[in-house]
Chemist: 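Quick one: this structure, given as structure tokens, is what I'll be asking you about.
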Amino acid sequence: MENIKLNIDNKTVEVPKGTTIHGAAKQLGIEIPTLCYMQLHDMNIENKPAGCRICVVEVDGRRNLAPSCATKCEEGMVVKTHTTRVLNARRTVMEFILSDHPKECLTCAKSGKCDLQNMAIKLGIREIPGIEIAEMSTYRKDTSPSIIRDLDKCIMCRKCETMCNDVQTVGALSAVNRGFMAAVAPAFEMNLEHSTCTYCGQCVAVCPTAALTEVDHTPEVLRVLADPTKTVVVQTAPAVRAALGEEFGMKPGTLVTGKMVAALRALGFDYVFDTDFAADLTIMEEGTELLDRIKRHLAGDKTVKLPILTSCCPGWVNFFEHYFPELKDVPSTAKSPQQMFGAIAKSYFADQIKIDRKDMVVISIMPCLAKKYECQRDEFSVDNNPDVDYSISTRELANFIKQANIDLNNLEDEDFDNPMGESTGASVIFGATGGVIEAAVRTAYELFTGKKLQRLDFDELRGMEGVRSATIDFDGLPVNIGIAHGLGNARKLLDDVRTGKSQFHAIEVMACPGGCIGGGGQPLHHGDASILKARAAAIYEEDRKKPLRKSHENPFIIKLYDEFLGEPNSEKAHHLLHTKYFDKKKKIIVKQ
Amino acid sequence: MTKYKMQLLVCAGTGCHASMSDELLNNLIYEIEANTLENDVQAIKTGCFGFCEKGPIVKVMPDNTFYTQVKPEDAAEIISEHIIKGRKVDRLLFTDPETKEHITDSKKIEFYKKQLRIALRNCGFIDPENIDDSIARDAYMALGKVLSEMTPEEAIKEIKDSGIRGRGGGGFPAGIKWELAAKNQADQKYVVCNADEGDPGAFMDRSILEGDPHSVLEAMAICGYCIGASKGLIYIRAEYPLAIDRLKIAIRQAREYGLLGSDIMGTGFNFDIELKYGAGAFVCGEETALIHSMEGHRGEPTVKPPFPAESGFLGKPTNVNNVETLACVPAIYLKGAKWFSSIGTERSKGTKVFALAGKVNNVGLVEVPMGTTLREVIFEIGGGIKGGKKFKAVQTGGPSGGCLTEKHLDTPIDFDNLLAAGSMMGSGGMIVLDEDDCMVSVAKYFLEFTVEESCGKCAPCRIGNKRLHELLEHITKGNGTEADLVRLRNMSTVIKDTSLCGLGQSSPNPVLSTLDNFMDEYLSHVCDKKCPAGSCKELMTYVINATNCVGCTACARVCPVNAISGERKEPHYIDPAICIKCGACMEKCKFDAISIQ
Amino acid sequence: MNKVKTLADLKRLKSELQAKVELREKGENQEGRVVIKVGMATSGIASGAKEIMAFLIEELDKRNIDAVVIQTGDMGYCFAEPTIEVKRPGEDPIVFGYVDKQKADEIIEKYIKNGELVEGILPDNYQSID
């Protein structure tokens, strides 16, 4: 790799050919401000429309200012990053952007966390010239089950478009309209819920302003907590405990399980349970399903559908229903842990504590925005009473704890309640990519071979690469496993399934890059993959520390089957814990 | 068979008319009749010869004698000496300013070389829907010559030596562009013709495509040979249906004749052309936006480098050239680079087609060698200002250009001179403005266009231009302040400095050049709240002159908002607070009592 | 349909066609025929050139005048459309502007038949390379 030398602010720096001015400046410790530039290091995704023009610098010999994020260094280039020309330009452009932005910081969901606000503060903008006569581009607001779009606040950074089109290959968002009224929206400016949006929330995770935010269900949660007639049950997803601490100043990868439980109790939840319990349940059902299909396949049954696909990720299910509806018999019919939990809580547990399901409210704390949509799906309710009433994200929980003035950092660790709080290490790893299938393998192996596993850590299933594969030896039977995280990667595996080329027996798909730990509802990581790696490490750490690490060894799960369900895939289990999928391929009818 | 032995053509253009060409014609007719020559000699008036400073002009046919500065009293001498005795009236013959010789044949007058048609060489001479007409006038000869006698390197050198620069507005040397595309290796390359002529009022490219499509097809094939491309694409705006039709016919006919397709003229060279349609976006005239539009993406420009020569259509090396640039190419090969570079100025070779429009008599297409002055184009070829009004400014380069004033009229037109004068060549739009045009309004008009056409990708153009337009609107409504003028300049400078593509980088030009050259008008708008040109409605007051007003009440009756009050036979009064400045009263008044202040 | 297989073919074709053009202008009449070109670019068509062309073709035929009427591109006199160029055999072509049906009729009767000039002549003010 050829190196080139250039001069930035009177300092010389040597960089590999192809480095941008911004990258070269960074090497010198000069952090040129940017607004629309985004680099997701390990995902090989870069968003650089060079549209905000905040990062402009002066380059000798160039007539106009150059965008440092998109201009490659050249040998002998002379760059100046803070001349008055640059500073005046940056300020004027910022004034332009602010002149077309709502001034509702006080009540805005992103106040205090907004990139635009931070830039305005950094540049010391105190007034916007011409604001009295300035027209503003306005759009109608759009709410969907999970995501709110407030396009008045869109600054055309195109980060959401890049995530949705290039990373997730969902294509729900793209630039529409021209000029002043341009914004990023679904085609024909339809509502998000009518588009192919999967609610994965990756767009929300990267939006610098409040143009895209999650639906905030904390008011509803507060309301039910305050209602004395309701018994409020909460379940927490595995990925939450590995990231919640970051919102309280802890470093990424700090496990806060005990503190999280204590905080939830302090907030007033009647029963603090663990989604991990339901994850163990999922493994029982799904593992059985996997084995059943493999056995039938080995017996020569040509009708059996392989590979089996995991189905715990609602973003992935949505993607599937939109883009591969003809394959809807292929995924596992098992519900997600969140939904299994709700179904069991409002039947088995409600019976146990002798209350009517209508008097129980199930709340879930999820790293995910699609879960908000999932709990509203029609098939997940009984007589109009949903199995899971509301789902709130890690970010919402953090806000809630802060609003309640609870000091998370100094809480004493507490334990989950039972019978739905006990979980094995296999369920915890659901939070990381590869975790679901590893948990399934631990149980499926023992059930299939009848032998005890020698090792429980399947490193070949772990890692951050977008598409992975491994073959696990089930005592002589090679089982091919495929793993994808990020919907773009999932699409690659699914294309093979569609054409019949897939060699896998089972595929695990997570819609969010990194798995649930990188979910749309998690504390923002701004593309820093080291944060994701730290969170995953925490998950695997908790797994290692658990006394029980295989789902089928969870005593409360065993009890649940004995007392209530019978055995995996029994009629009752099937009724409560399994679901079906729908063809959602969108048809757009153009009326003449 | 002509009935007449001799015919006299008298110029009746505005300039000559003002110098009494009507009287001259009458005198000639009188003299003809007095000598009973009316069956043999005809005198008639014609349109403008364009030689206004030497008018009145009389041309005698069939011997092509060209008389200048003819006075009405000269009529008798012309008839008696030239017509009857066959002796030309020497003192009236056109004298060449250099050689001081009398020129007797109009065809030899330098003036006729003022317009030299290279790009438009066949327009008006051939039937564009018949390839035979084109071939008879040398179509595809240059392609044949290049394919059989030159290597790609030699052919590129010819274009480089000619010095031809892009006619679409960028002014980049075409030869260097071709060379860059030729250098980059790839399995497929593309030649793209930018026919998305978007400047409002510009129709140079349209005329070439409608009048001589084969010149463009041939040039693209030559370019393909030079850079190593076998595919050509013409990106043509959908608003040019006739040009699209004629191109389709031309391509079909060229294919039938084996002049496009595989193994052209037996040389083994393959080249074919496809049409791609624009969809009403000025910004798609920018080459990267054009390429993205052709690829099916949103027509937004992207940062350069990488340039299309390196990575263009579908990521392959692509050469994009404007229609007019391409139209000149065959002529360069047939007549030689030396010939082409002998025309024009030192750094701008060849000719340029201008769409002359605005307050000028002869609006239309004008093709002049680079170096021709603005004065020559506007006052000679253009026939001067309409209605005898006073020239104020000429806007060159379309919405990306600036306004040049009286003091710039003797500027030789070329890329660098226009830039130095504060404007630019652009694609060739030339709009003439007179004393009734308000320069602030003109700047606002162009901003309206660029605000509409901005793609919206970068903040300075998307929002900045809108703010610029708002401020100009504010000023033309009489609400501006002097501080606003400072803001205008700062915003314009920053938008120019930070915009991603040429649209934003040049949209503030009309504002900056009018601020530079017509500051007094801006000051009048913001300080005095008056529009000197009388164009900005909100700053005008309709007033009834009490002396002339007879109180007929006709104006009060047509006023749509009842702003006029007064008794019958008494002077009336217009209430400025109610008046909407529609002008209906002024039109109705028979006593010239209503005026605008 | 002539297929041009080599450059020599093209050169030969060009000579043939040039001869053809001359022939077109000569016509069967020994003295030659009148050639009329009608400006049919967008500015011409927008001003009514199509109707004028149809009118000319029909009337010349009706009045038994040996002439050929061809469409052409933009002659450049956009301020005076519709424009037509009329070339009487052996004479220089003359361009007329502002040609409506009445003017076209006048041109046929006066100029084409008798060589008598009518008003509306647009003196040529450019030269083209050939």
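What's counted below: heavy atoms across the whole structure, side chains too, no hydrogens, waters or symmetry copies. Computed from a predicted model, the values in this text were never measured in an experiment. The sequence lines fix the lettering, A, B, ..., with proteins before strands; numbering per chain opens at 1.
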Chemist: Can you tell me which residue pairs pass the ring pair (Phe, Tyr, Trp, His ring centres under 6.0 Å) test with a partner in residues 73-109 of chain C, sequence neighbours excluded?
Modeler: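 Found C:F96-C:Y111.
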Chemist: Once salt bridge (Lys or Arg N to Asp or Glu O under 4.0 Å) is applied, what residue pairs with a partner in residues 353-363 of chain B remain, sequence neighbours excluded?
Modeler: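 Every pair satisfying salt bridge (Lys or Arg N to Asp or Glu O under 4.0 Å) with a residue in residues 353-363 of chain B: B:K359-B:D434, B:K359-B:D437.
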Chemist: For side chain to side chain contact (heavy atoms under 4.5 Å, CB included), just list the numbers for C:L13 and B:Y257, CA-CA rounded to whole Å, side-chain angles, deciding distance to a tenth of an Å, and then say yes or no.
Modeler: CA-CA 10 Å; C:L13 182 61; B:Y257 276 43; 3.8 Å; yes
Chemist: Counting only non-hydrogen atoms closer than 4.5 Å, can you tell me which residues of residues 350-357 of chain B sit against chain C?
Modeler: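 Expected list: none.
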Chemist: Please classify the contact between B:I135 and chain C as side chain, backbone, both or neither, with a heavy-atom cut-off of under 4.5 Å.
Modeler: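 Both backbone and side chain.
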Chemist: Report yes if some heavy atom in the side chain of B:M265 is under 4.5 Å from a heavy atom in the side chain of C:D9; otherwise report no.
Modeler: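 Not in contact.
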Chemist: Would you mind checking which part of B:K145 comes under 4.5 Å of any heavy atom in chain C, side chain (CB onward), backbone (N, CA, C, O), both or neither?
Modeler: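 Answer is backbone: N, CA, C or O of B:K145 sit under 4.5 Å from chain C.
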Chemist: Specify which of B:G211, B:C123, B:A43 makes the most heavy-atom pairs with chain C at under 4.5 Å.
Modeler: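 The residue among B:G211, B:C123, B:A43 with the greatest pair count is B:C123.
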Chemist: Are B:M61 and C:I94 side-chain neighbours, meaning at least one heavy-atom pair lies under 4.5 Å?
Modeler: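 When only atoms from C-beta onward are counted, C:I94 and B:M61 do touch, with a gap below 4.5 Å.
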Chemist: Search all heavy atoms of C:L117 against all heavy atoms of B:Q7 and return the closest pair with its distance.
Modeler: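 Looking at all heavy atoms of both residues, the closest pair is CG-NE2, 3.1 Å.
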Chemist: What part of C:K5 is in contact with chain B, defined as an atom under 4.5 angstrom from a non-hydrogen atom: side chain, backbone, both or neither?
Modeler: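 Looking at C:K5, just its backbone touches chain B.
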Chemist: Side chain, backbone, both or neither: which part of C:S43 has an atom under 4.5 Å from a heavy atom of chain B?
Modeler: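 Both the backbone and the side chain of C:S43 come within 4.5 Å of chain B.
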Chemist: Test of understanding: with side-chain contact (heavy atoms from CB on, under 4.5 Å), list the residues that count as partners of B:D127, not counting sequence neighbours.
Modeler: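 Partners of B:D127 by the side-chain contact (heavy atoms from CB on, under 4.5 Å) criterion, ordered by chain and then number, come out as B:E129, B:N130, B:D133, C:I70, C:Q71.
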Chemist: Rounded to the nearest 0.5 Å, what separates atom CG in B:L120 from atom CE in C:M75?
Modeler: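 If I round to the nearest 0.5 Å, the distance is 13.0 Å.
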Chemist: Checking C:I84 against chain B: side chain, backbone, both or neither under 4.5 Å from a heavy atom?
Modeler: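 When you check distances to chain B, no heavy atom of C:I84 falls under 4.5 Å.
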Chemist: Side chain from CB out, backbone as N, CA, C, O: work out which of these in B:L242 comes under 4.5 Å of a heavy atom of chain C, or both, or neither.
Modeler: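 The side chain, not the backbone.
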Chemist: Does a side-chain heavy-atom distance below 4.5 Å link C:I129 with B:W339?
Modeler: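 Sidechains of B:W339 and C:I129: in contact.
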Chemist: Identify which part of B:F125 has an atom lying under 4.5 Å from any heavy atom of chain C, answering side chain, backbone, both or neither.
Modeler: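 Contact with chain C is through both the backbone and side chain of B:F125.
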Chemist: Please lay out, stage by stage, how C:K14 and B:M141 fare under the test side chain to side chain contact (heavy atoms under 4.5 Å, CB included).
Modeler: CA-CA 9 Å; C:K14 172 184 160 183; B:M141 281 297 170; 3.4 Å; yes
Chemist: Check for a donor-acceptor pair, side chain of B:E210 on one end and backbone N or O of C:D74 on the other, with a separation under 3.5 Å.
Modeler: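 No, because the side chain of B:E210 does not come within donor-acceptor range (under 3.5 Å) of the backbone of C:D74.
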Chemist: Checking heavy atoms, do the side chain of B:R206, its backbone, both or neither come under 4.5 Å from chain C?
Modeler: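 Contact with chain C is through the side chain of B:R206 alone.
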